[in-house]
Amino acid sequence: MIPQKQKNFQFKFIYIGFLLLFGFSLQAQNKKAKDLLDQVTSKVKSYDNIVIDFKYSLNNAKENINQDSKGNVTMKGNQYVLNFMGVTKIFDGKKSYTIVPEDEEVTISTVNEKDDNAVTPSKMLTFFNTGYKCSMDILQDIKGRKIQYIKLVPTSSKDQRKEILLGIDVQTKHIYNLIETGKKGTKTTLTVNSFKTNQPLSKNQFIFAGSKYPNYYINKLD
């Protein structure tokens, strides 16, 4: 069983990963990289909703760690449903609901989008406005797809990440993967296996239904 502390770290990486995947209003030093990121941003904003199936990998050769997990996320505007590692996280635009079947617990919290420290979907196009140096990296042919990588290097010496690589499909302008390398050798990779747009969604897609969890402990943080 994966320790809860490590599970929380991995869940946070997935969440931050998707903010990175769709938060490309970066102050780029490399104009070509900035132009490509702008194209991706424009493409993403043109969709009514996005449904993604993804694979998550965590590797650290020094500590002999090699883990793979799968998940999916549905996003529409500033609402989303994320399923990962047995946990479901729903954000209805105001409140966040974290459902953990293993513990039979639901944690409910109000998200203050005006809080500078709050990471919310509505900040996807501004969250990474600063803090990175951006440049074009290698172009790879992966299974017949031309994937252009863009390197993001944190400007803060306190950041534990050495660099982040964003792989972009040159033809579709969709993200293929995100590779994050830590200063201590840990590499985390988020790969998009399926990218669907403008899907028919239930009107209750982003509404938490408490009746589905009658025996769960409800932890209200505010």
Side-chain angles (χ1 to χ4, degrees), residues 1-24 33 40 50-75 80-90 98-105 107 119 124 127-128 131-170 172 174-196:
M1 182 179 295
I2 299 175
Q4 188 62 41
K5 184 177 181 181
Q6 184 174 335
K7 184 181 290 188
N8 290 340
F9 167 78
Q10 292 175 325
F11 199 91
K12 182 178 180 181
F13 168 78
I14 290 298
Y15 184 54
I16 297 298
F18 277 107
L19 286 178
L20 266 172
L21 291 180
F22 303 105
F24 302 118
V40 174
I50 299 173
V51 180
I52 292 174
D53 288 329
F54 62 86
K55 176 183 177 182
Y56 165 87
S57 298
L58 172 67
N59 304 99
N60 187 315
K62 184 178 180 180
E63 299 184 14
N64 196 29
I65 297 175
N66 190 2
Q67 298 175 354
D68 291 323
S69 302
K70 292 183 179 181
N72 59 76
V73 61
T74 300
M75 298 179 287
Y80 70 90
V81 176
L82 172 63
N83 296 293
F84 179 62
M85 297 188 74
V87 176
T88 296
K89 192 176 184 70
I90 301 172
T98 302
I99 306 163
V100 186
E102 183 180 353
D103 300 329
E104 293 191 337
E105 181 179 63
T107 299
V119 182
M124 285 183 181
F127 183 74
F128 293 98
Y132 293 90
K133 292 181 180 179
C134 176
S135 62
M136 296 289 277
D137 204 83
I138 63 174
L139 176 66
Q140 286 190 333
D141 190 317
I142 301 177
K143 297 179 181 179
R145 300 167 65 184
K146 296 293 184 182
I147 305 299
Q148 174 64 59
Y149 282 92
I150 292 179
K151 180 186 292 186
L152 306 175
V153 179
T155 56
S156 173
S157 60
K158 296 180 180 180
D159 200 308
Q160 295 304 305
R161 295 167 298 178
K162 179 181 179 181
E163 66 179 32
I164 299 168
L165 290 174
L166 288 174
I168 300 172
D169 187 312
V170 175
T172 65
H174 291 166
I175 296 300
Y176 170 70
N177 66 353
L178 176 153
I179 305 170
E180 181 180 291
T181 303
K183 292 180 179 179
K184 295 184 179 181
T186 298
K187 179 177 290 186
T188 46
T189 304
L190 184 68
T191 303
V192 176
N193 292 327
S194 172
F195 189 105
K196 298 179 181 179

S.K.: Taking the inter-plane angle between the rings of H174 and F195 on a 0 to 90° scale, is it parallel (under 30°), tilted (30 to 60°) or perpendicular (over 60°)?
M.R.: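 Parallel: the ring planes of H174 and F195 meet at under 30°.
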
S.K.: Return the CD to CD1 distance between E180 and I164, rounded to the nearest 0.5 Å.
M.R.: 5.0 Å

S.K.: NZ/K162 to NZ/K183 distance, rounded to the nearest 0.5 angstrom?
M.R.: 10.5 Å

S.K.: Rounded to the nearest 0.5 Å, how far does CG of L58 lie from OG1 of T188?
M.R.: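 Reported value, rounded in 0.5 Å steps: 7.0 Å.
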
S.K.: Determine, for D169 against K146, whether the closest basic-nitrogen to carboxylate-oxygen distance falls under 4.0 angstrom.
M.R.: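 Salt bridge flag = no for K146 with D169.
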
S.K.: Ignoring hydrogens, what is the shortest heavy-atom contact between P101 and G86? Give both atom names and the distance.
M.R.: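 Minimum heavy-atom contact is CD-O, 3.1 Å.
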
S.K.: Not counting sequence neighbours, which residues clear side chain to side chain contact (heavy atoms under 4.5 Å, CB included) with S157? List them please.
M.R.: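 Once residues adjacent in sequence are excluded, S157 has no partner under the side chain to side chain contact (heavy atoms under 4.5 Å, CB included) criterion.
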
S.K.: Please, which pairs that meet salt bridge (Lys or Arg N to Asp or Glu O under 4.0 Å) have at least one residue in residues 148-160, sequence neighbours excluded?
M.R.: D137-K151, K151-E163, D159-R161

S.K.: For D68, does the CG atom sit with more than 12 other heavy atoms under 6.0 Å from it, leaving out its own atoms?
M.R.: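 It does: D68 CG has more than 12 such atoms within range.
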
S.K.: Would you say the side chain of L190 lies within less than 4.5 Å of the side chain of V192, judging by non-hydrogen atoms?
M.R.: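 Of all side-chain heavy-atom pairs linking L190 with V192, none is under 4.5 Å.
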
S.K.: Passes side-chain contact (heavy atoms from CB on, under 4.5 Å), N59 versus T186? Steps please.
M.R.: CA-CA 6 Å; N59 304 99; T186 298; over 6 Å; no

S.K.: Cut-off 3.5 Å, side chains only: do K89 and T98 have a donor facing an acceptor?
M.R.: yes

S.K.: So, taking the atom named CD1 in I99 and the one named CD1 in I90, what distance separates them when rounded to the nearest 0.5 Å?
M.R.: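 So the CD1 of I99 and the CD1 of I90 are separated by 4.0 Å.
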
S.K.: Would Y176 and T191 count as a side-chain contact (heavy atoms from CB on, under 4.5 Å) here? Give the steps.
M.R.: CA-CA 6 Å; Y176 170 70; T191 303; 4.2 Å; yes

S.K.: Quick one: CG on L152 to CG on L165, what's the gap to the nearest 0.5 Å?
M.R.: 8.0 Å

S.K.: Considering non-hydrogen atoms only, spot the tightest contact between F84 and K70 and give its length.
M.R.: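 Closest approach of F84 to K70: CD1-O, 3.9 Å.
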
S.K.: One pair to check against side chain to side chain donor-acceptor pair (under 3.5 Å): D53 and N193. What are the steps and the verdict?
M.R.: CA-CA 6 Å; D53 288 329; N193 292 327; over 6 Å; no

S.K.: Within a strict 4.5 Å, meaning less than it, do heavy atoms of the M136 and I150 side chains meet?
M.R.: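 Heavy-atom side-chain distance check passes, below 4.5 Å.
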
S.K.: Less than 4.5 Å apart, any side-chain heavy atom of N177 and any of I142?
M.R.: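 When only atoms from C-beta onward are counted, I142 and N177 do not touch, as no gap falls below 4.5 Å.
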
S.K.: Which heavy-atom pair separates A33 from S135 by the least distance, and what is that distance?
M.R.: CB-C, 3.9 Å

S.K.: Find the distance between CG (L166) and CD1 (I147) and round it off to the nearest 0.5 Å.
M.R.: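 Result: 12.0 Å between the selected atoms.
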
